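Beneath this line is the structure, given in structure tokens, with notes to follow.
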Amino acid sequence: MAFVELAGVCHAYGGAGTPLAVENLDIAVEKGEFAAVVGPSGCGKSTLMKLATGLQFPQAGTVTVDGERVSRPVSLAGMAFQAPTLLPWRTTIDNVLLPLEIVRPHRSRIRRSRAAYRERAEELLAQVGLEGAGEKYPWELSGGMQMRASLCRALIHAPQLLMLDEPFGALDAFTREELWCVIRDLHRTTGVTIILVTHDLREAVFLADRVVVLTSRPGRVLEERRIDLPRPRELDVTFTPQFQTIVHEMRDHIIKARG
Amino acid sequence: MRHSTITWAAPTAFTLFSLLLWEAAVKLFNIPPFFLPPPTAIAEAFVRFGPAIASESLYTLITTLIGFAMAVVFGLGLGLLVGASRTIYAGLYPLMIGFNAVPKVAVVPILVLWFGIGGVPAVLTAFLISFFPIVVNVATGLATTEPELEDVLKVLGASRLDVMRKVGIPRALPYFFGSLKIAITLAFVGSVISESIASNHGIGNLMLQAQAQFQVPLIFAGLVALAVEGIVMYALMAWVEKRMTGWAHRGGHAA
Ligand SMILES: Nc1ncnc2c1ncn2[C@@H]1O[C@H](COP(=O)(O)OP(=O)(O)OP(=O)(O)O)[C@@H](O)[C@H]1O
Ligand SMILES: [Mg+2]
């Protein structure tokens, strides 16, 4: 069985009978896989994230994570969003440590062994290129640096599943591509399973093993495509004809489906 | 350096200039002192009635501070409650709006009916008039927690209380301390109103009596005493706000 599996999932925020946000969704993500979800605005991508992490429960169908039917928040997941949402009264490193003050079993330990945890947070910060920025406050960081810190916060409790909801949407093109490489490296070194929601087909094709395209609301799977570009991928790959063919084909398909 | 000199010198110069202008206008246009006394006459009243003004000011200050302290405790509690629960918010909101719409002067006679003439109605009026901005500010601060951040924490198994402790309350603090400046000013309004309607003490009562005896400079002296108290308390609250929530003023914390 896949690590994350949505089977026949329907969800409506207002309860049964109200307009569906997603309909008959079937998605399976293997352990260690990097999956990307693209689709028009309002098609239910964020809803999919909430369903997979146990923040919402489906009206119909089942959601399974790590072999267990989801009936409460899935604490083996970490999340990051378009807005970095760092707390302005905490330093960067204390922001990164925040999840450990919540999640079991760390919450009962962090008081006693804060030093050890700080070391781990500093390692993570160094991995995303933020060495030495731990004592800075969020407003002293650029948007890209805040996003990196937000990624560290999502990863600090060593989650097995990383959920990224348009994490680079607010960044300029250069910073975005830098962060693609950061995510790519994190995926390779930690082996974490990643589900990335994005509007950017190039981003999806560059990063993911598989791209899932959703229809407009209510979201259903329109197309699933395996990306067989060899890893490790460098940014140069985005200029190859092979890469651009994939992007073009997917774009054509989406446009035709919208008709 | 230059900047700080200006921040001190400018207001002082303006105040002195206005006082001079006032004095000159009274002399020049022969305004009778029982209509508008000149600053010198007010200063004279201060010297003559010094002990009375001091003791009544102190009385008003204490009355105000007790009412204000009650407002802080009650306002903070209710604000946290209203901000934390959508049900409580929905249930209490119309009630609070209705309550806030009632001019508090109109409540004084009822308070007198219940507690008699004196300090208690003044304390309660100060309390009633000043707790509302605290409630609204604290509740607003709590309500502005980003839903994404809430999701990040809820996935990890955070309870409502966890989210409040880690995010909601720290986020509400600048709003809370900001509201104290408004609340203390309103508390003075409440206690003085009540004193001038139904009390034998306080600056409000002193001004009422001065009016009855046609001691116009003393009325103005009372006003000045109130202004001084109000400014000092406001400055104190502003200072507390700055001390407690440096992070909310961005970069300002470095200075
Ligand atoms: N909390 C909510 N309550 C009610 N309806 C909601 C809620 N959240 C989302 N919806 C509705 O569900 C549908 C799917 O929303 P969702 O946020 O999943 O879209 P999305 O694909 O993430 O869009 P975007 O690309 O703009 O972020 C939308 O039509 C939206 O109006
Ligand atoms: Mg979304």
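Model, not experiment: these values are computed from the prediction. Throughout, protein chains are lettered first and strands after them, A, B, ... in sequence-line order, and every chain is numbered starting at 1.
Interface with chain B: from residues 96-105 of chain A, residues Leu98(A), Pro99(A), Glu101(A), Ile102(A), Val103(A) qualify, criterion being any non-hydrogen pair under 4.5 Å. Heavy-atom neighbours of chain B within the stretch residues 65-84 of chain A, taken at a separation under 4.5 angstrom, comprise Pro73(A), Val74(A), Ser75(A), Ala77(A), Met79(A), Phe81(A). Against chain A, no residue from residues 182-195 of chain B qualifies, as none has a non-hydrogen atom under 4.5 angstrom away.
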Check against side-chain contact (heavy atoms from CB on, under 4.5 Å), Asp151(B) and Met49(A): CA-CA 10 Å; Asp151(B) 283 351; Met49(A) 298 299 227; over 6 Å; no
side-chain contact (heavy atoms from CB on, under 4.5 Å) between Glu150(B) and Leu55(A), worked out: CA-CA 10 Å; Glu150(B) 231 175 303; Leu55(A) 293 170; over 6 Å; no
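In this structure, Arg217(A) has no salt bridge (charged side-chain N to carboxylate O under 4.0 Å, His left out) partners at least two apart in sequence or on a different chain.
Only the side chain of Glu146(B) comes within contact range of chain A, with heavy atoms under 4.5 Å apart. No part of Val163(B) comes within reach of chain A, as not one of its non-hydrogen atoms sits under 4.5 angstrom from that chain.
Open room surrounds CD on Glu119(A); 12 or fewer heavy atoms of other groups in view lie less than 6.0 Å from it. The local environment of OH in Tyr93(B) is sparse, with at most 12 non-hydrogen atoms from other residues, nucleotides or ligands closer than 6.0 Å. Residue Tyr234(B) qualifies as open at atom OH: its count of foreign heavy atoms under 6.0 Å is 12 or below.
Taking CG from Leu156(B) and CZ from Arg153(A), the interatomic distance works out to 9.5 Å, rounded to the nearest 0.5 Å.
Contact of the Met163(A) side chain with the Val155(B) side chain is not registered, since no non-hydrogen atoms from C-beta on lie closer than 4.5 Å.
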